[in-house]
Number of protein chains: 2
Amino acid sequence: MEHLYAKRVQKSGNSDLAELFKLSEQPDIISFAGGFPDPRWFLDEIEEIAHQVLTDKKDIALQYGPVPGFTHVREFVAGRMQEQQMKVTMENILITSGSLQGLDLICRVFLDPGDLIVLEAPTYLGAITTFVSYEAEIASIPADEDGLQVDQLEIFLKNTLRKPKFIYVIPTFQNPTGRVMSLERRKKLIELANEYRVPVIDDNAYGELRFSGEEIPSIKALDTENMVIYLGTFSKIFSPGVRLGWIAADPKLIEKLILFKQGSDQTSSSLSQLLAYEAGKRGLIEKQIAVTCAGLKQKRDLTISALQKYFKDRATWNEPEGGYYVWVQLKDQVDTLKRLTPAVINHKVAYVAGSSFYPDRRGENCLRVCYSLAKESDIDEGIRRLAQAFVNA
Amino acid sequence: MEHLYAKRVQKSGNSDLAELFKLSEQPDIISFAGGFPDPRWFLDEIEEIAHQVLTDKKDIALQYGPVPGFTHVREFVAGRMQEQQMKVTMENILITSGSLQGLDLICRVFLDPGDLIVLEAPTYLGAITTFVSYEAEIASIPADEDGLQVDQLEIFLKNTLRKPKFIYVIPTFQNPTGRVMSLERRKKLIELANEYRVPVIDDNAYGELRFSGEEIPSIKALDTENMVIYLGTFSKIFSPGVRLGWIAADPKLIEKLILFKQGSDQTSSSLSQLLAYEAGKRGLIEKQIAVTCAGLKQKRDLTISALQKYFKDRATWNEPEGGYYVWVQLKDQVDTLKRLTPAVINHKVAYVAGSSFYPDRRGENCLRVCYSLAKESDIDEGIRRLAQAFVNA
């Protein structure tokens with residue numbers, strides 16, 4: 001049937017991420033690859049919540065729900081955002097099946113084939129996959145220790161002949177770098193969005209996972225003219241297995257997104273929505289965040305120590321204040337993508353190569369180290385193996 | 001931001017279905033609208049299953065799963081299909097977030113804007129919404145009591161200058177008509193698919209809900225040259241609230257579908273997958289089907305009796321042997337869509353207008369009566385109200 005396929009099939013590459021996850025599933029591998037939470041952090045109370053939901057609200061939990069999500073769930077989500085200084089109500093919220101579905105729906109509303117979008121590079125691999133599947137043309141603006149280089153963005157916006165449909169950023173504890181965009185740059189980004197009338201997608205998957213340093217307002221909280229579309233997820237603050245996220249945006253846009261949600265998977269799991277809501281009501285989401293942040297901090301410390309031990313003169317890295325990731329840049333020219341399969345097979349360690357996070361495959365001597373999943377007792381040995389994998393580089 | 005929207009937004013209509021569901025949610029309305037199961041049929045044992053899954057397999061249930069679905073879930077799904085005489089293995093299966101997502105992913109692999117697809121009319125409203133969102137051109141082939149008119153399809157395929165990308169059918173207990181495509185026509189459809197090399201999408205959402213008459217092989221079971229793509233769902237045999245379905249197709253196609261699944265919602269809920277699997281292993285899916293079929297039969301009988309009582313000389317209808325729906329054709333010219341809002345507001349009864357199931361909005365004197373959700377004690381009164389709503393027609 002291949003001759004019947006749509007054009008977007010040719011443009012879509014292979015399933016890097018899926019292949020990688022398969023490889024790194026083997027039990028003797030120490031994996032710094034997939035951005036997974038440590039399952040030992042999952043709260044036991046979730047069983048109790050499921051019991052209550054399936055006893056008291058079985059009729060609702062197992063039934064179809066409304067397309068935009070349950071009203072009380074949307075109110076709950078809006079309430080949490082309000083506490084984080086974002087001006088939203090239930091009308092701004094669409095519940096999605098994970099935040100990647102949120103991004104997918106946004107693409108469906110905004111992108112015709114060949115449309116231009118702007119992102120910071122490096123960026124989330126899953127987002128690149130989605131943009132490519134919509135046949136978008138991607139303009140990459142470089143990021144540094146303070147996040148997206150807004151001055152470069154400004155030059156780009158000033159000079160581009162084609163108006164971009166949106167700018168995609170992960171401002172806090174960025175995937176893959178773990179970096180935070182500075183407040184000054186956030187404000188400048190909003191200014192540029194307003195001036196050039198380009199929407200900004202604020203993917204805040206990791207924003208609540210801060211374990212040190214000071215809070216910084218989200219891009220959405222700084223939004224002055226309703227130019228920011230916010231992506232949230234329960235994956236990192238509750239459970240990825242329930243597949244639940246949300247979009248916060250102007251109600252007029254939400255209305256359009258609902259249309260495509262309906263034609264996409266109709267509605268997100270009722271059971272998942274009730275579980276997340278009940279967990280929230282009992283304060284368990286805050287507890288899950290606290291447990292997760294404590295665990296992440298410990299692992300970040302172990303990872304940084306191990307990097308100092310094994311990579312001292314051979315690489316540079318940042319010290320993240322939250323989230324899952326640290327970004328390691330090797331000083332020598334090493335193609336970390338080419339080294340990946342031997343690293344997994346010969347050295348029993350997994351990571352994601354830097355070039356996977358660039359639409360144009362730059363960043364080849366970089367790698368993303370995800371410290372959230374590996375056991376504490378494995379981290380030192382894992383980083384040692386990583387160093388081994390890059391010996392003679 | 002409207003000026004930034006993609007072309008597909010203009011082509012997508014309003015959210016008929018969502019609006020309708022909102023209307024018919026009011027407690028004093030007797031609803032024959034949404035294709036929902038009766039929540040009283042949901043098995044109590046699901047709570048016990050959730051307890052076990054979240055006690056023994058919490059780590060897996062709350063974590064990300066593999067993109068195509070868990071291996072044991074795919075094997076389980078393939079095993080059930082094998083029992084129904086379909087030649088598939090785990091390699092043929094992709095787990096999706098409901099069968100509508102399956103259709104959405106198929107569209108993503110096959111459809112460029114303007115591509116031609118063929119469907120039987122009337123057909124599933126959700127499918128029409130999805131096809132329109134991919135900017136497909138739709139050719140409707142009429143259906144009668146024996147399903148899709150394959151002779152008309154043959155004439156169409158012979159004469160069309162543009163090759164269609166696929167033919168979409170719901171052969172068993174069709175939505176919205178409740179009709180079954182005859183065996184003879186099924187065989188002819190396969191012949192045509194083979195001859196013209198056009199894939200057939202066999203949406204079998206209701207096939208297992210037979211409460212009278214004899215089994216008939218699915219289109220997929222009759223497939224001789226791997227031209228059939230099968231859509232299955234747990235919504236009607238287990239629970240719609242878990243949002244779980246599957247695609248069965250050639251492994252090469254599955255590989256492409258996985259790419260877009262990954263960029264769409266990454267993976268279906270792990271928790272939902274484990275619940276459905278555990279239910280299956282304990283025989284609870286078969287029990288759920290039995291309970292559902294017994295309930296449906298009773299409601300079908302009540303509905304047909306009431307139609308005879310209140311619509312005797314005013315309409316024709318079929319007597320479904322399974323599924324959720326009966327298709328009522330009024331003898332007088334009545335625009336059932338225009339009558340819908342007054343029916344809900346003045347007569348407190350809801351249905352879906354016939355024209356909603358035709359891409360070209362024909363069928364205006366027809367309506368879909370879904371008997372699965374209304375209480376047994378409400379059915380007679382509901383059909384009486386329906387008749388009232390069409391008085392002076």
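Sequence lines set the chain letters: A, B, ... in the order given, protein chains first and strands last, and positions in each chain run from 1.
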### Task
Inspect the contact between A/Arg8 and B/Asp112 and indicate whether a charged nitrogen and a carboxylate oxygen are less than 4.0 angstrom apart.
no

If you count heavy-atom pairs under 4.5 Å with chain B, which of [options] comes out on top?
options	value
A/Glu47, A/Glu135, A/His51	A/Glu47
A/Lys252, A/Lys165, A/Met227, A/Arg108	A/Arg108
A/Leu271, A/Thr267, A/Val109	A/Val109
A/Pro240, A/Pro39, A/Ser239	A/Pro240
A/Leu275, A/Ile60, A/Leu43	A/Leu43

With only heavy atoms counted, which part of [X] is less than 4.5 Å from chain A, the side chain, the backbone, both or neither?
X	value
B/Phe42	both
B/Glu2	side chain
B/Lys163	side chain
B/Ser268	backbone
B/Arg197	backbone
B/Leu105	neither

### Task
Kindly write out the residues that satisfy side-chain hydrogen bond (donor to acceptor under 3.5 Å, both in side chains) with B/Asn226, not counting sequence neighbours, or none if the list is empty.
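With neighbours one apart ignored, the set is B/Asp250.
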
Within this structure, what is the [atom1]-[atom2] distance for the pair [X] and [Y], rounded to the nearest 0.5 Å?
X	Y	atom1	atom2	result
B/Ser133	A/Gln262	OG	CD	10.5 Å
A/Leu62	B/Ile46	CG	CD1	4.5 Å
A/Ile49	B/Leu54	CD1	CG	10.0 Å
A/Arg243	B/Ser270	CZ	OG	8.0 Å
B/Lys7	A/Asp115	NZ	CG	7.5 Å
A/Thr130	B/Asp265	OG1	CG	10.0 Å

### Task
Test A/Asp59 against B/Arg40 for salt bridge (Lys or Arg N to Asp or Glu O under 4.0 Å), laying out the working first.
CA-CA 7 Å; A/Asp59 292 8; B/Arg40 294 171 301 152; over 6 Å; no

### Message
If I measure from the heavy atoms of chain B, does A/Leu244 come under 4.5 Å with its side chain, its backbone, both, or neither?
### Response
neither

### Query
Under a 4.5 Å heavy-atom cut-off, does chain B meet the side chain of A/Tyr134, its backbone, both or neither?
side chain

### Task
Please step through side-chain contact (heavy atoms from CB on, under 4.5 Å) for the pair A/Phe166 and B/Leu4, ending with a clear verdict.
CA-CA 9 Å; A/Phe166 55 73; B/Leu4 297 174; over 6 Å; no

## Note on the structure
What one should report as the nearest heavy-atom pair of A/Gly241 and B/Ser269 is O-OG, 3.0 Å

#### Entry: Worked check of side-chain contact (heavy atoms from CB on, under 4.5 Å) between A/Lys256 and B/Met1
CA-CA 11 Å; A/Lys256 295 298 174 195; B/Met1 297 180 189; over 6 Å; no

### Message
One pair to check against side-chain contact (heavy atoms from CB on, under 4.5 Å): A/Leu373 and B/Gln63. What are the steps and the verdict?
### Response
CA-CA 11 Å; A/Leu373 185 63; B/Gln63 187 62 285; 4.2 Å; yes

Quick check for you: among [options], which has the greatest number of heavy-atom pairs under 4.5 Å with chain A?
options	answer
B/Ser97, B/Ser264, B/Ala127, B/Gly102	B/Ser264
B/Asp38, B/Leu103, B/Asp44	B/Asp44
B/Pro113, B/Cys107, B/Gly98, B/Pro199	B/Pro199
B/Ala50, B/Gly245, B/Pro37, B/Ala61	B/Pro37
B/Ile128, B/Leu111, B/Thr129	B/Leu111
B/Ala6, B/Gly263, B/Ser99	B/Ala6

### Query
Between B/Tyr5 and A/Phe110, how do the two ring planes meet: parallel, tilted or perpendicular, split at 30° and 60°?
perpendicular

